[in-house]
2 protein chains.
Amino acid sequence: MTVEPLGNEEPALPLRERKKLRTRRVLADTALRMFLERGFDETTLEDLVNTVEVSVRTFFRYYSSKEEVAMAAEGELWEAYAAEVARLRISGPVLPRLRDCYAHAVRGLSEDWAERYLATRRLAARTPALRVHHAGTTQDLHERLVGMLEDELGIDGREDVRLRLIGEMALASVRYGTKNWMRTREHRGGSDDTETLITEVGRAFDALPSALALSPDTLARSG
Amino acid sequence: MTVEPLGNEEPALPLRERKKLRTRRVLADTALRMFLERGFDETTLEDLVNTVEVSVRTFFRYYSSKEEVAMAAEGELWEAYAAEVARLRISGPVLPRLRDCYAHAVRGLSEDWAERYLATRRLAARTPALRVHHAGTTQDLHERLVGMLEDELGIDGREDVRLRLIGEMALASVRYGTKNWMRTREHRGGSDDTETLITEVGRAFDALPSALALSPDTLARSG
DNA sequence: TGTATTTTGCCAGTGACTGGCAGATTGGCC
DNA sequence: GGCCAATCTGCCAGTCACTGGCAAAATACA
């Protein structure tokens, strides 16, 4: 493998684990770069594994599909977000807690994550297959989050849809916050991407109640 | 093709068109039946086209993927829904209009649609590939609906997210209304499925404002 | 009945993905 | 350092979804 070491991180892990982590990372980075350069559909899996110098069989031991390796950065975010919500003990309003979980999750990711994520989402925006994959993983995340919250709060979703609606709101906030973040980064490559993303998503979260309250004429049941 | 005529419908259409419509329909019906019996992954496309007695090449002139033919009933619904919203001229509250569009769309579908749709959703519930496809088409529908509404209302989504939130609300209502409908039909095969579906989705629509209003403690920004 | 247009079937190919098995690499133990 | 067990990797052969091209069949229309 033509890879230089990634520097000092987790010297506690055994060699084998570090090597696996590195392969996983190189696969995702190389895939993202190649997909951005040549296009997702135009780049075959064989192109990728030849570049990284692993076999096709090995690739599928790290990622379950071509789409998954392309969206690896988003996968990291969803995992971190779900992990934050999993360790949540709730008392009080749910929505701001979900907002904080998102912020914590993003801050816990590696330093260059934001840049990779921006590139990932730009790629997905112009690749139908990745948009579908994105929609699927987002839906799965929603199910996981709501399921965990229902367990934690002892709520039966069959009878009370409010929690599910809050889940939709939270995901909508993440969606539109991220969309705005991408827009701000559209014409200028800025630093401090991570905090900007958190700010934008947090803004979308905070704007939710007022946005809903501000449109009684459009939201109200009958005028 | 071992197919009996479907009876008296649209005698105005030329023979060729009727034949195409019938092939399209037989493909979807047969696919749904085979997928339900043997499972989606276990049924190959070749199994399907052998049963219907068309070539693989012909299949792909009617449906763009194995997933699409499985979800054909949902595709009809999305098309009808989008068409209703397209012809909408808005003055007043948006959400109830979207609810009515949905009801009109469902009522305009063929008589046995509800049964096929129920079977389709049950199949999707146990088939990961179809859940992903469902998430993708739902996302696409959302984009289409919001785009049309923005054009109609002259709203720029970059500045005003409220319309997009209303779109999310509408789709959430359709989701949970449909889920409840599936639940009511779970243990008893009932007739009048179409009106029951409309009722359930309408109930979800109508419950939205109160559901949001009823949970100030969980929705409010800070207590 | 003849002709133009559309639809279909066949063929050969690409590319994503998988199971099985042999060989290489690593971790733990002496 | 050397050895065994566990794990990881690469190769092979195969399945299946999906596609372009071209010739044959079916249909519309005169």
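Below, read A as the first sequence line, B as the second, and so on, with proteins coming before strands; counting in each chain starts at 1. Computed from a predicted model, the values in this text were never measured in an experiment.
Residue A:E68 contributes atom CD, which lies 15 Å from atom P of C:dA16 at whole-angstrom precision. For the pair B:R22 CZ and D:dA26 P, the computed distance is 14 Å after rounding to whole Å. In this structure, B:R61 atom CZ and C:dC10 atom C1' are separated by 11 Å, rounded to whole Å. In this structure, A:L48 atom CG and C:dG15 atom C1' are separated by 14 Å, rounded to whole Å. Regarding B:L27, its CG atom lies at a distance of 15 Å from the P atom of C:dT7, rounded to whole Å. Distance NZ (A:K19) to C1' (C:dG27): 13 Å, rounded to an integer number of Å. In this structure, B:N50 places its CG atom 10 Å from P of C:dC10, rounding to the nearest Å.
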Enumerate donor-acceptor pairs with a distance under 3.5 Å from any side-chain N or O in residues 43-50 of chain B to protein atoms, sequence neighbours excluded.
unit_1	atom_1	unit_2	atom_2	d
B:T43	OG1	B:G39	O	2.7
B:T44	OG1	B:E46	N	3.4
B:T44	OG1	B:D47	N	3.1
B:T44	OG1	B:D47	OD1	3.4
B:T44	OG1	B:D47	OD2	3.3
B:D47	OD2	B:T44	N	3.1
B:N50	ND2	B:E46	O	3.2

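B:Y102 pairs by the ring pair (Phe, Tyr, Trp, His ring centres under 6.0 Å) definition with B:Y81, not counting sequence neighbours. Listed by chain and residue number, A:E79 satisfy the side chain to side chain donor-acceptor pair (under 3.5 Å) test with A:R144 (two or more places apart in sequence, or in another chain). Considering only residues two or more places apart in sequence or on other chains, B:T199 meets the side chain to side chain donor-acceptor pair (under 3.5 Å) condition with none of them. Residues forming a side chain to side chain donor-acceptor pair (under 3.5 Å) with A:R175 (at least two apart in sequence, or on another chain): B:E168. For B:F35, the ring pair (Phe, Tyr, Trp, His ring centres under 6.0 Å) criterion is met by B:F40, not counting sequence neighbours.
Note on A:Y62: a side-chain N or O is less than 4.0 Å away from OP1 or OP2 of D:dT9. Contact check, A:T58 against D:dG10: a side-chain N or O comes under 4.0 Å of OP1 or OP2.
At a threshold of 4.0 angstrom between heavy atoms, the contacts of A:Y63 with the nucleic acid are absent.
The closest donor-acceptor contact from the side chain of A:R99 to the backbone of A:G202 lies at 3.5 Å or more, if one exists at all.
For the pair A:E150 and A:R164, the salt-bridge criterion is met [side-chain N within less than 4.0 Å of a carboxylate O].
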Find every protein N or O atom lying less than 3.5 Å from an N or O atom of nucleotides 4-6 of chain C, and list the pairs.
unit_1	atom_1	unit_2	atom_2	d
C:dT6	O4'	B:R16	NH1	3.3

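Here ring pair (Phe, Tyr, Trp, His ring centres under 6.0 Å) pairs that include residues 114-152 of chain B, with residues two or more places apart or in two chains, are B:W113-B:Y117.
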- Item | Letter per nucleotide, 5' to 3', of nucleotides 15-20 of chain D [B base touched, S only sugar-phosphate touched, - untouched; heavy atoms, 4.0 Å] | -SSBBB
